[in-house]
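Taking it in order: structure first as structure tokens, then the write-up.
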There are 2 protein chains.
Amino acid sequence: MTDTDDREQEAKRHAERFQRVREAHQTEVAEDYVELIARLIDETGEARVVDLAVWLGVTNATVNNTVQRLQRDGLVTSKPYRSIFLTEAGRELAESSHQRHILVRDFLLALGVGEETAEADAEGIEHHVSAETLTAFRRHLKATKPKKGN
Amino acid sequence: MTDTDDREQEAKRHAERFQRVREAHQTEVAEDYVELIARLIDETGEARVVDLAVWLGVTNATVNNTVQRLQRDGLVTSKPYRSIFLTEAGRELAESSHQRHILVRDFLLALGVGEETAEADAEGIEHHVSAETLTAFRRHLKATKPKKGN
DNA sequence: ACAAAAAGTTAGCCGTCACTAACTTTATAC
DNA sequence: GTATAAAGTTAGTGACGGCTAACTTTTTGT
């Protein structure tokens, strides 16, 4: 029954891929929030609920809920009616998410995708790119981009 | 106050990107299901709840709920205790999802990403790739892949 | 300094997508 | 042809991520 075994193995691998996608979904929101919080702090000095709401296109109430979850999960700290800060873990997650984001975006740009589309697609894609694929992106950028240094 | 206006515009664009990602999320599950249903029908003659459950790595009960939603949304038909069929709309969605899936996968393979990683990443990425980016992927494949017909 | 506006919070709601447990229906194996 | 196994269904639960409405706190403008 090697055929059956093969089929079962394939189903198993298929299922594992889907489980990985589901897991990625659970961290997406957290990554988007900390990335934006880091940016707002960097550019404006602080991250407020109302700014996150505007930049994410959701209501204040939604931001509040999410920030509480992030706090529960040790990514941010905030006291009532005050602005939001990143913990060390939050800062690290923000930094790695940001690096990945710009790599994906730059890769799409290098492929000839337009600015706004690259930015938009990167937002969705970045959460689903493995380390191996990121490496491939980097390799491609190095191979094609060097406009000056060649 | 052009600075403020610029900032507002940027925030607005940012928010729109996130809204697009959120919309994509709502269709992801539907796409994964119809794609798999089409495949199972093609390869085994029918799509049963238990097979979907195994291939997706979820329980029968979860598949049942989702299939009912898909039926409500006009993508599949099924009678109690019987196998699942695609509607015309479901078939079309399955076909376009499949095309997109193999394009993304082949693109990753062409970049030098390994088989299993390409397959896994494609599963997550495919739902977030715009038509423009797909075109860029196709262009890249044509430019690099032509092993025979050149 | 105080009224009005802005920001933040809380409560309650809803849909999605998971789960388990208990049940019914269909298929299978004598 | 009936008992058992497999498949499918239903009911109830829970987390997440969104919403509105009502409320409180802070900020702002005069």
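FYI, side chains are in, hydrogens and waters are out, and symmetry mates aren't considered; it's all heavy atoms of this structure. First the proteins, then the strands, lettered A, B, ... as listed; each starts at 1.
- Protein atom CD1 of B/I84 is 13 Å distant from nucleotide atom P of D/dA7, rounded to whole Å.
- Atom NE2 of B/H98 has 12 or fewer heavy atoms from other residues, nucleotides or ligands within 6.0 Å.
- Mapped onto DNA chain C by nearest heavy atom, A/S83 and B/Q26 fall at different nucleotides, with A/S83 at the one closer to the 5' end.
- With a 6.0 Å radius and a threshold of 12 heavy atoms from other residues, nucleotides or ligands, A/E115 has its CD atom at or below the threshold.
- Under 4.0 angstrom from either OP1 or OP2 of D/dT9 there lies no side-chain N or O belonging to B/Q68.
- Counted by atom type alone, A/H128 and B/E123 present zero donor-acceptor pairs between their side chains at under 3.5 Å.
- For A/R72, the side-chain atoms get nearest to D/dC16 when compared with the rest of D/dC16, C/dT9, C/dT10.
- Remark: C1' of D/dG8 and OH of B/Y81 are 5 Å apart, rounded to the nearest angstrom.
- With rounding to whole Å, A/F18 atom CZ is found 15 Å from C/dA18 atom C1'.
- A/L109 places a side-chain heavy atom less than 4.5 Å from the side chain of A/D106.
- Contact check of residues 36-67 of chain B against DNA chain D (heavy atom, cut-off under 4.0 Å) returns B/R48, B/V49, B/V50, B/N60, B/A61, B/N64.
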Self-check item: Intra- and inter-strand pairs of DNA chain D in dot-bracket (Watson-Crick or G-U wobble, both distances under 3.5 Å; | for another strand)
Solution: ||||||||||||||||||||||||||||||
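- The distance between atom NZ of A/K79 and atom P of D/dT25, rounded to the nearest whole Å, is 17 Å.
- Put simply, the side chain of B/E126 reaches to within 4.5 Å of the side chain of B/E35, judged on heavy atoms.
- Annotation: the span from B/L108 atom CG to B/F137 atom CZ amounts to 7.0 Å, rounded to 0.5 Å.
- Counting any heavy atom pair closer than 4.0 Å across all strands shown, B/R22 reaches sugar-phosphate atoms only and no base atom.
- The distance from the CG atom of B/L36 to the CG atom of B/D42 is 12.0 Å, given to the nearest 0.5 Å.
- Neither side chain, A/E119 nor B/H14, offers a donor N or O lying under 3.5 Å from an acceptor on the other.
- Side-chain atoms of A/E8 and B/V54, non-hydrogen and from C-beta on, never get closer than 4.5 Å to each other.
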